[in-house]
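As the structure lists them, so they are numbered: ligands from 1, and atoms in each ligand from 1.
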Amino acid sequence: MHSEIDFGKIELAEAPPAGEPARQQYFMERLREVVEERSRKYGRPLTACIQTFGCQMNAKDSEKLLGILLQAGFTASEDEASDFVLYNTCTVRDNANQRVYGRLGYLNSLKKKNPHMTIALCGCMMQEPSVVEKIKKSYRFVDLVFGTHNIFRLAELLYRCYTEKRMVVDVWGGTEQIVENLPSRRKYSFKCGVNIMYGCNNFCSYCIVPYVRGRERSREPEDILAEIRALAADGVVEVMLLGQNVNSYGKTLDTPMTFAALLRQVAEIPGIERIRFMTSHPKDLSDELIGVMRDCPKICRHLHLPLQSGSSRILKKMNRVYDKEQYLALAKKIKGEIPDLSLTTDIIVGFPGETEEDFEETMDVVRRVRFDSAFTFIYSKRTGTPAAAMEDQVPEEIVKPRFERLLKEVQRISAEVCGKDVGKTMTALVEGMDTHDPALVTGRLSNNIMVHFPGDASDIGKLIPVLLTESKGFYYMGKRLP
Ligand code: 5AD
Ligand code: SF4
């Protein structure tokens with residue numbers, strides 16, 4: 001099927017430029033020729049489907065990947081029975097890997113029905129050599145594998161895949177390169193994630209992210225601000241600044257700058273009404289940042305501040321660089337300065353060596369801080385991380401009941417905390433229609449809690465004042481105000 005297309009002619013036309021992004025622009029054009037040729041042959045548009053696993057970073061990467069595919073002439077589809085299917089994978093916990101392997105079996109069955117189908121895998125999981133070996137050996141129907149550092153090269157890689165007629169694998173160990181100005185297709189018209197930095201230098205002992213996302217690199221503030229100005233001009237009202245540890249933004253720039261200073265500049269951009277950010281490491285959350293959050297109403301009343309464990313002994317083994325008392329003091333200070341702030345967290349249960357006493361310390365912090373919500377995880381051993389080599393791994397039969405106890409406590413507190421604003425009027429950004437009731441829309445409050453209230457599709461993307469009439473535990477019902 002490949003051989004009927006005259007790729008030689010395309011290749012001979014001109015040599016690809018060496019510099020970026022010109023090189024990728026060239027390959028998007030070349031790929032477009034191939035896509036058009038195939039569309040003509042099949043008598044229909046070529047469809048592409050991207051499935052995203054994992055975090056906001058991956059969601060953002062997927063918008064970039066889709067932008068490239070649309071530029072190359074593909075039609076976007078939600079259906080995995082597409083001509084090109086790309087899984088953007090996560091590997092932060094082993095169950096993320098298992099989900100991908102499970103779904104690959106299903107993709108193989110689809111490919112048997114549509115031999116034109118091309119299957120690609122990218123993202124964090126592909127940065128692990130053992131995964132790539134397994135794919136090469138046992139998942140031969142996969143056509144393309146690439147990692148986290150070269151997603152900007154999708155057009156070039158897919159073009160190679162179509163022309164070389166064999167599995168293409170291109171995973172980079174790391175990069176200093178930040179390629180700007182490639183297309184991107186936003187999932188929402190009114191809100192958008194913006195990368196402010198890539199990679200991570202923290203090396204928490206359980207975490208695989210520094211190994212799969214590489215060293216920390218901050219984008220130049222001018223590039224970030226230009227991107228946000230362009231988004232505002234295009235109707236975006238809410239931006240989410242993305243980084244593994246936004247609090248260390250700017251430290252490695254030629255002209256260093258703080259994250260708080262960046263926030264202040266973003267807040268000055270006309271049209272941007274709301275600013276969120278993800279994720280903050282407690283070890284370097286500055287007073288300057290707390291001050292900017294307090295004084296700038298555009299910065300959302302939400303802080304995600306991963307605790308991981310409440311035991312100082314375990315935090316030390318995790319290499320988190322703060323202890324229980326420091327975390328408690330920080331949470332108290334933030335709540336004191338910004339009382340209406342919603343504080344959320346991540347907690348790991350069953351880190352190697354965790355005793356019942358250590359676990360009780362975590363429960364103690366949960367009860368004292370009273371988080372608005374908490375993501376709770378069972379520790380997952382990630383090969384290559386220091387924690388994986390620790391001797392005292394905690395058996396599952398001990399971890400599971402602890403996890404259940406923590407979850408119950410977190411949910412009980414969060415239901416109490418989240419109902420506290422009933423009777424208040426707050427502004428909601430309408431994100432979409434309510435999935436259960438067509439007479440309602442779903443909006444997000446500044447503190448990240450959802451509210452459902454009467455409305456229609458014309459409200460989507462608008463900021464609307466809403467009276468919170470009833471708490472449903474984790475969300476509100478509301479009444480719109482004129
Ligand atoms: N096991 C369990 N949870 C983990 N996280 C990161 N690595 C692991 C691991 N090995 C959690 C942390 C982090 C969140 C994104 O995922 O809580 O904050
Ligand atoms: Fe995101 Fe980390 Fe998962 Fe990669 S491994 S997708 S950075 S959560």
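Under 4.0 Å from ligand 1, heavy atoms of Val92 appear from its side chain as well as its backbone. Contacts between Tyr206 and ligand 1, counted as non-hydrogen atom pairs separated by less than 4.0 Å, involve both the backbone and the side chain.
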**Phe403/Phe377 under ring-ring contact (aromatic ring centres under 6.0 Å, His included): CA gap, chis, key distance, verdict** = CA-CA 8 Å; Phe403 178 79; Phe377 306 108; 8.5 Å; no
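Within a 6.0 Å sphere centred on CZ of Arg99, other residues, nucleotides and ligands contribute 12 heavy atoms or fewer. Few gaps surround CD on Glu397; more than 12 heavy atoms of other groups in view lie less than 6.0 Å from it. Around atom CD of Gln98, more than 12 heavy atoms belonging to other residues, nucleotides or ligands sit under 6.0 Å away.
By the 4.0 Å N-to-carboxylate-O rule, Asp358 lies too far from Lys317 to be salt-bridged with it.
An N or O contact shorter than 3.5 Å is missing between Arg382 and ligand 1 by distance.
Of the options Thr279, Val209, Asp346, Asn95, the smallest heavy-atom separation from atom 18 (O) of ligand 1 is shown by Asp346.
The ligand atoms of ligand 1 that sit less than 4.0 angstrom from a heavy atom of Gln308 are 12 (C), 13 (C), 17 (O), 18 (O). Applying the 4.0 Å criterion to heavy atoms of Ile348 picks out, from ligand 1, the atoms 3 (N), 4 (C), 5 (N), 12 (C), 17 (O). Using a 4.0 Å cut-off to heavy atoms of Tyr379, the atoms of ligand 1 that qualify are 1 (N), 2 (C). If you number the atoms of ligand 1 from 1 as listed, the ones under 4.0 Å from a heavy atom of Phe377 come out as 3 (N), 11 (C), 14 (C), 16 (O), 17 (O).
Ring orientation note: the planes of Phe84 and Phe74 are tilted relative to one another, at an angle of 30° to 60°. Ring planes of Tyr206 and Phe351: perpendicular class, angle over 60° (limits at 30 and 60°).
Residue-ligand proximity: Ile378 is placed with a non-hydrogen atom under 4.0 Å from ligand 1.
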